[in-house]
Amino acid sequence: MKEITLTNPFEGHGHLRRLATLMLEVIEYTIRQFSGMIVMPNVAVKELNLPHIIDLKKLLDYRKELIGVLRGLGQKSNFMPCFTYYLSPQLTVHDLLFAWENNLITGVKSYPEGATTGSDMGLGSFNEVTKILEVMEKHGIPLLIHGETPKWKGDVVEDLKREPLFFNEEA
């Protein structure tokens, strides 16, 4: 075999930043290449007062914005954006379950604090969101983990060493 053709690829980790120009630059290429995407929730733009996706109102606003952009490009139904919540202490059980039961989300994304772009609200510890994690487990809601360790024993870890440390860290 010399060639493999993927006829319906799916992007499992995509960023569609909330600035219309950035979103448009990325989405046009994305919809040409992929059938759908798990859309990351770390989309805040502080200068424009646009938040991360941490509650139902923010999720619905972002969903409306993105679907509007897709329709503006003539996109009907073949590209499927799969939305996620940003795991934070502000996420409520009510908002989580409503979005899950109404097929508005496909999971919840966890970021360590300071690990990557838009991780300013990331977790220092999973103890901050125990109730949410328990509800996710009970209802089979996927937890999507950003696998980096930005700090180790009080020291900042170099960017290229963060992922390997995450996967080798002893619990």
Side-chain angles (χ1 to χ4, degrees), residues 1-45 50-88 91 95-112 115-123 126 129 132-133 135-150 159-160 162-167:
M1 179 183 295
K2 293 183 181 182
E3 185 177 297
I4 296 175
T5 302
L6 301 176
T7 59
N8 198 25
F10 182 87
E11 168 62 81
H13 177 119
H15 294 275
L16 299 172
R17 304 286 184 216
R18 294 196 72 169
L19 287 170
T21 55
L22 286 175
M23 188 183 285
L24 278 171
E25 287 176 16
V26 173
I27 197 69
E28 288 184 89
Y29 295 105
T30 304
I31 63 176
R32 277 190 244 150
Q33 301 296 321
F34 298 102
S35 61
M37 167 193 282
I38 295 180
V39 181
M40 296 296 105
N42 58 330
V43 293
V45 180
L50 297 170
H52 294 306
I53 312 306
I54 59 169
D55 62 40
L56 185 59
K57 180 180 181 336
K58 292 170 182 65
L59 173 67
L60 294 174
D61 288 348
Y62 181 62
R63 181 182 171 87
K64 181 179 177 181
E65 178 183 352
L66 178 55
I67 290 171
V69 167
L70 289 169
R71 286 193 180 130
L73 294 170
Q75 180 67 22
K76 300 293 186 243
S77 63
N78 42 343
F79 180 81
M80 183 177 69
C82 299
F83 296 91
T84 57
Y85 272 131
Y86 191 123
L87 184 61
S88 75
L91 179 58
D95 285 3
L96 173 66
L97 289 177
F98 182 89
W100 180 250
E101 291 167 356
N102 288 282
N103 298 313
L104 298 173
I105 60 166
T106 56
V108 178
K109 181 74 175 192
S110 172
Y111 298 94
T116 190
T117 303
S119 64
D120 51 295
M121 292 181 66
L123 299 175
F126 282 111
V129 290
I132 291 292
L133 293 172
V135 170
M136 289 173 63
E137 180 182 25
K138 180 179 177 183
H139 292 272
I141 302 171
L143 174 63
L144 313 173
I145 296 177
H146 184 91
E148 287 188 46
T149 302
D159 285 350
L160 295 177
R162 291 176 177 190
E163 286 182 19
L165 181 59
F166 174 82
F167 289 104

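In this chain, residues are counted from 1 in sequence order.
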Audit row: Leu73, Glu28, side chain to side chain contact (heavy atoms under 4.5 Å, CB included) steps and yes/no: CA-CA 8 Å; Leu73 294 170; Glu28 288 184 89; 3.8 Å; yes

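Asn102 meets the side-chain contact (heavy atoms from CB on, under 4.5 Å) test with Phe98, Leu104; sequence neighbours excluded. The ring pair (Phe, Tyr, Trp, His ring centres under 6.0 Å) check on His139 picks up nothing, with sequence neighbours excluded. Not counting sequence neighbours, Thr106 has no partner by the side-chain hydrogen bond (donor to acceptor under 3.5 Å, both in side chains) test. Remark: Asn8 pairs with Ser35 by the side-chain hydrogen bond (donor to acceptor under 3.5 Å, both in side chains) rule, at least two apart or across chains. In terms of the side-chain contact (heavy atoms from CB on, under 4.5 Å) criterion, residue partners of Pro51 (sequence neighbours excluded) are, by chain and number, Arg18, Lys58.
Two residues are said to be in side-chain contact when any heavy atoms from C-beta on lie closer than 4.5 Å; Lys109 and His13 meet this criterion. Proximity of Tyr86 to Asn42: side-chain heavy atoms (C-beta onward) are separated by under 4.5 Å at one or more points. Contact of the Val26 side chain with the His15 side chain is not registered, since no non-hydrogen atoms from C-beta on lie closer than 4.5 Å. Contact of the Val135 side chain with the Trp100 side chain is not registered, since no non-hydrogen atoms from C-beta on lie closer than 4.5 Å.
Relative orientation of the Tyr111 and His146 rings is tilted, given thresholds of 30° and 60° on the angle between their planes.
Among all heavy-atom pairs drawn from Ser88 and Leu123, the shortest one is CA-CD2, 4.4 Å. The shortest non-hydrogen separation linking Ile27 to Val69 is CG2-CG1, 3.9 Å. Nearest approach of Met40 to Gly12, heavy atoms of both residues: CE-O, 4.4 Å.
Note: Leu59 CG to Thr84 OG1 = 8.5 Å, rounded to the nearest 0.5 Å. For the atom pair CG of Leu87 and CD1 of Ile53, the computed distance is 14.0 Å after rounding to the nearest 0.5 Å. Atoms CD1 and OH, on Ile67 and Tyr62 in that order, are 10.5 Å from each other to the nearest 0.5 Å. Distance check: Glu65 CD to Leu50 CG gives 6.5 Å after rounding to the nearest 0.5 Å. If you take CG on Leu97 and CD1 on Ile105, they are separated by 8.5 Å, rounding to the nearest 0.5 Å. Separation of atoms CZ (Phe10) and CE (Met80) is listed at 5.0 Å; rounding is to 0.5 Å.
At least one donor-acceptor pair under 3.5 Å links the side chain of Tyr85 to the backbone N or O of Asp95. Under the 3.5 Å distance criterion, the side-chain polar atoms of Ser110 are left unmatched by any main-chain donor or acceptor of Ile145.
For CD of Glu101, the number of neighbouring non-hydrogen atoms (other residues, nucleotides, ligands) closer than 6.0 Å is greater than 12.
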